[in-house]
Amino acid sequence: MLIIKQIADNTDEVIARLAKKNFDGKAIIGQVVALDNLRKSTQVQVDKASAELNNLSKEIGLLLKQGRLVEATQSKEKTVELKETIKKLSDQQVDAEQKLNELLVLIPNLPHPSVPVGNHAEDNLIERTGGKMPDLYADAVPHWDLAKKYDLIDFELGVKISGAGFPVYKGKGARLQRALINFFLDNAREAGYLEVQPPYVVNAASGYGTGQLPDKEGQMYHCTVDDLYLIPTAEVPVTNIYRDVILNENELPIKNTAYSACFRREAGSYGKDVRGLNRLHQFDKVEIVQIQHPDKSYDTLDQMVNYVQTLVEKLELPWRILRLCGGDMSFTSALTFDFEVFSAAQERWLEVSSVSNFESYQANRLKCRYRTADKKTQLCHTLNGSALALPRIVAALLENNQTPEGIRIPKALIPYTGFDIID
RNA sequence: GGAAAGUUGCCGGAGUGGUCGAUCGGGACGGUCUCGAAAACCGUUGUACGGGUAACUGUACCCAGGGUUCGAAUCCCUGACUUUCCGCCA
């Protein structure tokens with residue numbers, strides 16, 4: 001969440017910047033500032049009364065020790081009213097803090113000044129593009145047909161076992177998944193990321209830490225008996241490793257990578273967007289996460305984008321990078337670059353990665369801090385990106401590399417698949 | 001699922017009603033010594049929110065939430081979690 005001090009000190013600026021995210025912050029920011037003032041003023045009173053009570057208690061202790069019972073009893077009587085005052089005031093303070101917090105988590109992150117204005121995908125800026133558009137032969141078909149033809153993915157079987165959006169990968173389809181996961185993890189490791197294997201279910205505190213809660217409550221699978229959530233991305237457990245952690249400045253940046261299955265309810269999605277592998281309830285993804293010094297986080301964001309670019313290049317896919325507009329960005333992000341690859345038979349760009357700098361927004365919720373040389377604690381910046389999400393990569397690989405003889409595997413992947421063609 | 005024990009600072013581990021934010025040990029950091037290092041010795045070593053230009057200072061925090069008391073890490077209640085044993089099991 002945003003830092004209350006910054007909101008209070010730059011109210012108008014915050015409201016103006018939030019507008020870029022289509023968030024009308026006028027009313028809520030006003031309330032937040034008022035609650036913060038109330039919180040402070042009640043605290044001053046509570047502290048003062050508590051100090052008085054503490055002093056009285058010490059005195060009573062001394063008096064009792066000296067056997068001055070009458071005076072002790074008199075002092076005791078004085079505490080009655082004090083305690084009532086403290087109770088009343090601290091209730092007020094707790095109440096203000098609670099309300100303040102409830103409001104703060106509803107305010108999205110401020111977009112970076114370089115974020116383009118806009119509300120829809122069409123308003124995103126194309127940063128750069130690369131790769132070669134494939135020349136498909138006349139009978140080229142979308143990946144769902146290829147998946148059936150070569151018996152790679154069984155969507156109907158998934159429906160039987162679980163429901164729509166839970167495909168069953170088979171044979172070379174399954175091996176391709178495994179190959180991609182290993183390929184991505186090995187690349188990440190070579191780029192200096194420490195591999196971790198996180199839990200696939202998280203508690204509510206973790207959901208709040210990275211901002212999925214309360215904003216995206218309905219998008220996560222929730223195991224109510226145990227009050228645990230299936231992770232929508234490895235970002236959640238991996239970033240939460242650093243919840244309530246104070247790092248040494250020289251430990252930064254932290255670079256972690258993790259493979260995980262990801263679970264998303266995708267409530268409200270339907271239509272041709274969800275065909276085949278385009279949108280699933282369960283999918284595989286390798287994620288990269290960095291915890292960085294605030295001064296360096298934007299350099300790091302560039303590095304992460306460049307790193308993801310090397311992946312799509314090695315996979316020989318046509319790609320483009322979008323700078324997301326304010327309306328298309330996630331709740332918690334300050335600046336996001338999306339990667340899309342062209343899926344030639346569908347003739348569509350498919351999002352395969354999203355790389356974001358959250359600045360201190362997540363860190364503030366997580367209480368992820370670092371200690372400066374002069375022993376002050378400061379919030380870290382958190383960043384993450386998909387590197388990469390598998391299903392749409394698979395869709396593009398299948399579609400773009402289809403030939404009458406079979407589906408060609410890109411050179412970089414062959415050591416991982418163990419085969420160079422699907423036929 | 002059944003039974004028992006436990007949860008204190010970076011870690012280990014004291015503390016069972018009053019100068020306890022907390023003994024001590026380890027670690028880490030700084031210093032002395034050394035060509036350098038080790039050892040030894042000396043010192044430092046919490047977080048959050050307030051007040052104050054500042055030096056400084058107030059409050060809260062010993063798993064969480066309630067309660068008893070003038071006063072709670074310490075006593076009582078509730079909850080969470082952890083560990084061990086038994087059962088079940090990849």
Side-chain angles (χ1 to χ4, degrees), chain A residues 1-9 32-105 197 199-209 213 223-229 237 240-252 254 261 291 360 362-380:
Chain A
M1 57 191 152
L2 296 177
I3 299 161
I4 181 67
K5 231 178 203 123
Q6 287 177 359
I7 298 179
D9 293 347
V32 160
V33 172
L35 280 168
D36 188 44
N37 288 332
L38 178 64
R39 186 197 109 240
K40 281 193 225 169
S41 62
T42 48
Q43 191 188 333
V44 171
Q45 296 174 69
V46 171
D47 285 0
K48 209 177 134 210
S50 301
E52 214 177 309
L53 181 64
N54 288 343
N55 287 331
L56 259 181
S57 298
K58 274 180 203 164
E59 272 174 38
I60 293 168
L62 274 176
L63 291 173
L64 287 175
K65 210 170 264 175
Q66 294 165 5
R68 292 151 75 179
L69 292 170
V70 180
E71 287 158 274
T73 311
Q74 282 170 351
S75 289
K76 276 189 195 182
E77 279 162 14
K78 277 197 263 179
T79 66
V80 176
E81 198 185 338
L82 247 186
K83 289 206 292 188
E84 270 169 27
T85 313
I86 291 170
K87 176 97 179 98
K88 210 176 78 196
L89 286 169
S90 72
D91 281 353
Q92 259 176 48
Q93 190 191 343
V94 167
D95 192 51
E97 266 164 20
Q98 203 175 325
K99 280 188 183 140
L100 179 60
N101 216 39
E102 280 166 14
L103 291 181
L104 276 175
V105 296
Q197 259 197 36
Y200 289 3
V201 291
V202 295
N203 53 32
S206 293
Y208 276 97
L213 293 174
C223 312
T224 47
V225 227
D226 298 303
D227 197 21
L228 292 169
Y229 294 86
N240 271 282
I241 293 173
Y242 304 97
R243 171 153 50 88
D244 292 319
V245 166
I246 302 178
L247 297 155
N248 285 321
E249 196 165 2
N250 60 19
E251 290 177 84
L252 300 174
I254 301 274
I291 316 279
S360 59
Q362 286 183 332
N364 193 28
R365 290 193 180 190
L366 292 161
K367 296 204 170 46
C368 172
R369 292 158 292 173
Y370 68 95
R371 205 180 298 281
T372 62
D374 56 339
K375 308 231 166 162
K376 293 241 158 55
T377 58
Q378 209 107 84
L379 291 173
C380 298

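No experiment lies behind these values; they were computed from the predicted model shown.
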Quantified in whole Å, what is the [atom1] atom distance between nucleotide [N] and nucleotide [M]?
N	M	atom1	result
U53(B)	G46(B)	P	26 Å
G9(B)	C24(B)	C1'	13 Å
G58(B)	C20(B)	P	16 Å
U83(B)	G31(B)	C1'	42 Å
U7(B)	G15(B)	C1'	15 Å
A28(B)	U34(B)	C1'	22 Å
G27(B)	G6(B)	P	29 Å
A39(B)	G26(B)	P	12 Å

| Given G58(B), C70(B), G51(B), the nucleotide with the shortest approach to the side chain of Q43(A) |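 Per side-chain heavy atoms of Q43(A), the pick is G58(B).
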| query | Toward the 5' end of RNA chain B, which comes first, Q93(A) or K87(A), by nearest nucleotide? | reply |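 Nearest-nucleotide comparison on RNA chain B picks Q93(A).
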| said: For V44(A) and S50(A), find the nucleotide of RNA chain B closest to each by heavy atoms; which residue's nucleotide sits nearer the 5' end? | reply: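 It is V44(A), whose closest nucleotide lies nearer the 5' terminus.
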Under 4.0 angstrom between [X] side-chain N/O and [N] OP1 or OP2:
X	N	result
N54(A)	U59(B)	yes
K375(A)	G46(B)	no
T377(A)	A48(B)	yes
R39(A)	C49(B)	no
R371(A)	U47(B)	yes

For [X] and [N], what is the distance between atoms [atom1] and [atom2] respectively, to the nearest whole Å?
X	N	atom1	atom2	answer
I60(A)	U19(B)	CD1	P	15 Å
D244(A)	C10(B)	CG	C1'	15 Å
D36(A)	G50(B)	CG	C1'	11 Å
K40(A)	G52(B)	NZ	C1'	14 Å
L247(A)	U47(B)	CG	P	14 Å
K376(A)	U45(B)	NZ	C1'	16 Å
N101(A)	C49(B)	CG	P	12 Å
Q45(A)	C49(B)	CD	C1'	15 Å

Please determine, for [N], whether a Watson-Crick or G-U wobble partner exists with both distances under 3.5 Å, and give it or none.
N	value
G50(B)	U57(B)
C20(B)	none
G71(B)	none
U45(B)	G27(B)
G65(B)	C77(B)
G36(B)	none
A4(B)	U83(B)
G9(B)	none

| Taking side chain as C-beta onward, heavy atoms only, is Y370(A) less than 4.5 Å from T372(A)? |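 In contact.
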| Do I4(A) and L100(A) come within less than 4.5 Å of each other through their side chains, counting heavy atoms only? |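 Yes, their side chains come closer than 4.5 Å.
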| said: Within the 3.5 Å criterion, strictly below it, is a donor on S206(A) or N203(A) matched to an acceptor on the partner's side chain? | reply: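 Result is yes, a qualifying pair exists.
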Students often get this wrong, so: under 4.0 angstrom with heavy atoms, is [X] touching a base, only sugar-phosphate, or nothing?
X	value
T79(A)	sugar-phosphate
K83(A)	sugar-phosphate
L64(A)	base

| query | Which pair of non-hydrogen atoms, one from I291(A) and one from C380(A), has the smallest distance, and what is that distance? | reply |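 Smallest heavy-atom distance, with atoms named: CG2-CB, 3.6 Å.
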| task | Keeping the roles fixed (side chain from S360(A), backbone from N364(A)), state whether a donor-acceptor pair exists under 3.5 Å. | result |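 A pair under 3.5 Å: no.
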| task | Count the heavy atoms of every other residue, nucleotide or ligand shown that sit under 6.0 Å from CD of E249(A), and state whether that count exceeds 12. | result |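 Enclosed.
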| field | E81(A) atom CD, over 12 foreign heavy atoms within 6.0 Å | value |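 Not buried by this count: 12 neighbours or fewer within 6.0 Å.
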| query | Going from NZ on K76(A) to CG on L56(A), what distance comes out if it is rounded to the nearest 0.5 angstrom? | reply |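 So the NZ of K76(A) and the CG of L56(A) are separated by 12.5 Å.
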